[in-house]
Structure formats: structure tokens, C-alpha cells
Amino acid sequence: MIGRLNHVAIAVPDLEWAAETYRRALGATVSAPVAEPDHGVTVVFVELPNTKIELLEPLGETSPIAAFLEKNPTGGMHHLCYEVDDIAAARDHLIAKGARILGDGKPKIGAHGKPVLFLHPKDFLGTLVELEQA
Ligand code: CO
């Protein structure tokens, strides 16, 4: 079921500084910031030859990454995103295996315009997992 690693996401307190760190220190190509009000984040993507890094900054009062940044004030790895062919089939399989889907269990449209779901970190080795329909 699990496919390619689509991206690794890092929550950061200052997106401009984070993007500049990847540009200047690592020589990376970094996209322009995109506000995702439905997800409570502003995002840039670092393009790598084999995957992407998603840098996330809180957006709005109820950002889902605000509590994470309180615990990790300098930023930290927030989630891994794996591709799946059929997100509804993946969700049904995971629920049947006892995994918990965050939120109402319905896929939302993610930062790449494709359906995504998040899986409870306690079910996946302490790591928040995003599934994206490829
Ligand atoms: Co993501």
C-alpha cells in the first residue's frame, strides 16, 4: 500500500529564516511561500532530487502546529508524507488494522491540491504520518 516518500515536513517559528537557511547553507531551491488557511499553516517547499522538504509556519490563531512549536521552539520534524494510490482504500485498510485517522476521517485537499489524511502518531512509532493520494 505505502508508496514513495512525498515529503518530510519541518515546523518552524520563522519561515523566511528557515527558507533562507536551506537556500544559503544547503544551496537548495526553495519555493515562494503559500498560505494554506484551511490547514493553519504557511508553507514553502524545498525541492530535492528524490523528495521534498515542507517547511511549515503557523498561520492564524488555531494553527495545528502552534502547540508543537511551543514544545519545540526552534522548530523540529513534524511529519512524514507517504504516497498511496487510493486514499479511501488506504483509510479503510488502516481502520481495519486498528489505526486512528485524525479529524473526521475524511480526506482534505492538501498543499499539493491532492487528498490527504493524517494518522495518529501513537499508532506509528511516535511519528505523525500524512498520506497523500498520488
Ligand atoms: Co505535509
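Both counts, for ligands and for their atoms, begin at 1 and track the order of listing.
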For residues 60-68, please give each side-chain donor-acceptor pair under 3.5 Å, one per line with the distance, not counting sequence neighbours.
residue: S63; atom: OG; partner: G40; partner atom: O; Å: 2.6
residue: S63; atom: OG; partner: I65; partner atom: N; Å: 3.3

Residue and atom names of protein N/O/S atoms that fall under 2.8 Å from the Co ion (ligand 1):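 Checking every protein N, O and S atom gives H7 NE2, E54 OE1, H79 NE2, E130 OE1.
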How long is the straight-line distance from [atom2] of [Y] back to [atom1] of [X], given to the nearest 0.5 Å?
X	Y	atom1	atom2	result
Y82	L5	OH	CG	6.5 Å
L15	I10	CG	CD1	11.5 Å
M1	E83	CE	CD	13.0 Å

query: Going by heavy atoms in the side chains, are N6 and H112 under 4.5 Å from each other?
result: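 Yes, their side chains come closer than 4.5 Å.
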- prompt: Between the side chains of E54 and H79, does any donor sit under 3.5 Å from an acceptor?
  reply: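 Short answer, yes.
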